[in-house]
K.L.:
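The following block contains the structure, expressed as structure tokens.
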Amino acid sequence: MCGIVGYIGKREVTPILVNGLKRLEYRGYDSAGIVVIDKKGTGHLAREVGKVAMLEKALAKSNWGTASIGIAHTRWATHGVPSERNAHPQSDCTSSFWVVHNGIVENYKDLKDALIAEGHKFISDTDTEVIAHLIEKFYHLADSKANGHRLVNAVRQTLRQIKGTYGIAVVSKLEPDKIIAARNSSPLILGIGTDENLVASDASAVISHTKNVIYLNDGEIAEVRGDGFRIETVGGDGEETKAKVEEIEWDMEKIEKGGHEHFMHKEIFEIPEVIENSMRGRLILEEGRAKLGGIEDVKEKLREVKRIIIAACGTANAAARVAEYMIEEYAGVPTEVDIASEFRYRKPVFTEHNLLLAISQSGETADTLAAIKEAKEKGVMTMGIVNVVGSSIARETGVGIYNHAGPEISVASTKAFISQLVLSALFTVFLGRQRDMSIVMGQRIGEALKELPGMVRRLLADEPHIIELAKKYKDTRGMLTLGRKYNAPIATEAAIKLKELCYLPVIDLPAGEMKHGTIALIAPDFPSLVIAPEDSVYEKTKSTIEQIKARGGPIIAITTEGNTELERFTKDIMYIPKTLEMLTPILATIPIYLFAYHIARLRGHDIDKPRNLAKSVTVE
Ligand code: AGP
């Protein structure tokens, strides 16, 4: 996600901030920016799209006075495309207050409208800019005798208006002796030095200056000076809180991966938060409907849609196949999925009121992009579910939904896939409620979605059991992966992961298809991974398990907690909590990811960069 670094002390601030940003580069970003306040109280700003090196180049030409306070940011776009004016720091009408922000302000639209009505002028498309304008507003409303604490009070009042998540750092030329930092669900630390202090979203940005850090808690706000700091609560009476200074013991590499051995592992463990971020502000539970900002403008056209064609590749294609089941079952719109690389060559037939939906993490996959262009050429409406804001697919489709899954660094897509499934469910509710879906059904899906982060956390806690299974199967010569209905695509997703990470020959099939040929492969040294939650097709999947057992094939099963029946066939079972049938793929995928990850690790593979693969496939 985005990165924050701030410094206040006696040294020249710009190189410290630029080096801090470089330390944060591994997190992924699309633009970078910096503001410093010089000794005369003048603010100097630089923002650039692209790499920190571009920002550094621009800074080399600048002639800023000596400054020892400043904040900087690497941005991963959520609201507004990557551009200079959308990069952080963001400012108010008078360029007196500067803010860098990680997270999402859910109610920014309402706040922005109110501020505009009060005369504030906005420059960017970001949600962050409202924070700067609110600080400006509250600063000028504040009691001017507030003894040099007006800034912290104005920021506190601002944060009380905000719904959503934030890690922020604020500086102002009106109080140039402090940085204000606050956090709510987005990490922020203080780096405590001698006659200098730092603020950062990540320990990697401070470790070359100090190993002593304070991890801010949610709901805390800090006033950080060169020679000290004070931490208070955002809510209540703003009382002082006790801070614990901790020593960082990790090395750089470990910090970048948040203590995980690989980015893939880190990204799997981010999934609960990713589910929350993908849903944030998008589920209107009382009305049993989904509010999807990026498609609001075309909602009337979507009401008319009679057929959906989803084009995607690889893992995104597996997500598309789950979406197909969801949309047809709950929204009643005929839906079909195309492998994007095949789509343009098979002369697709379009009829009136068709929609081409493209799903892509990177937004740069050449085959998916070509499918969109082909559909547009034929006058078909297009839409995207894309993770990277401002990417080619996001721009080409014009309308769509962003995942808000944060940058995915590991080549193997994990958290983005789960977020694609969550958005597919939300899009299904959106379409369904435009058609025959009742409010009660919309609410049921919404409530089940809200339970998912907690359930995923429980599944992740079961990792030791999965490691044991991985040890048992790590030397297999191949595998068969099977699932039915909603989980047939998950058999494919399991196969993709076992192939790309473990280099295993794996065949994936909808379970019912096994008997038409592939059953000949079943043998004591050829295991089958069967996804068999207790759903509407459970009995059928169970009979596939019986067929494998009868032929001496080892079975690894995934089923619902409390279902002990499959223990007759195998001891190797991964249990998932009970949820709505349409959401079982989300839960079934978690143990599969851990299983594939640990087999690859035990086999000594380069997990984050598997052989022959690239993160975005920009060639046909
Ligand atoms: C998944 O783990 C893959 N590395 C790959 O299949 C990927 O999902 C595919 O290339 C599509 O990428 P996209 O989502 O960026 O379009």
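Indexing begins at 1, ligand by ligand and atom by atom, following the structure's order. Predicted model only: the values in this text are computed from it and were never measured.
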K.L.:
Between Lys22 and Glu25 (salt bridge meaning N to carboxylate O under 4.0 Å), is one present in this structure?
P.N.:
no
K.L.:
State, without any angle test, whether Asn86 and Ser31 hold a side-chain donor-acceptor pair at a distance under 3.5 Å.
P.N.:
no
K.L.:
Restricting to side chain to side chain contact (heavy atoms under 4.5 Å, CB included), what partner residues turn up for Glu374, sequence neighbours left out?
P.N.:
Phe343, Arg344, Lys378
K.L.:
Please report, to 0.1 Å, the donor-acceptor pairs under 3.5 Å made by any side chain of residues 316-325, with sequence neighbours excluded.
P.N.:
from, atom 1, to, atom 2, distance (Å)
Asn317, ND2, Ala312, O, 2.9
Asn317, ND2, Asp338, O, 3.1
Arg321, NH1, Thr492, OG1, 2.8

K.L.:
Sort and list the pairs that fulfil salt bridge (charged side-chain N to carboxylate O under 4.0 Å, His left out) and have at least one residue in residues 491-503, not counting sequence neighbours.
P.N.:
Glu493-Lys497, Lys497-Glu500
K.L.:
Just to be sure I understand the cut-off, which residues have at least one non-hydrogen atom under 4.0 angstrom from an atom of ligand 1?
P.N.:
Cys313, Gly314, Thr315, Ala316, Ser360, Gln361, Ser362, Thr365, Val411, Ala412, Ser413, Lys497, Glu500, Val617
K.L.:
Indicate yes or no: does Arg458 engage Glu451 in a salt bridge with an N to O separation below 4.0 Å.
P.N.:
no
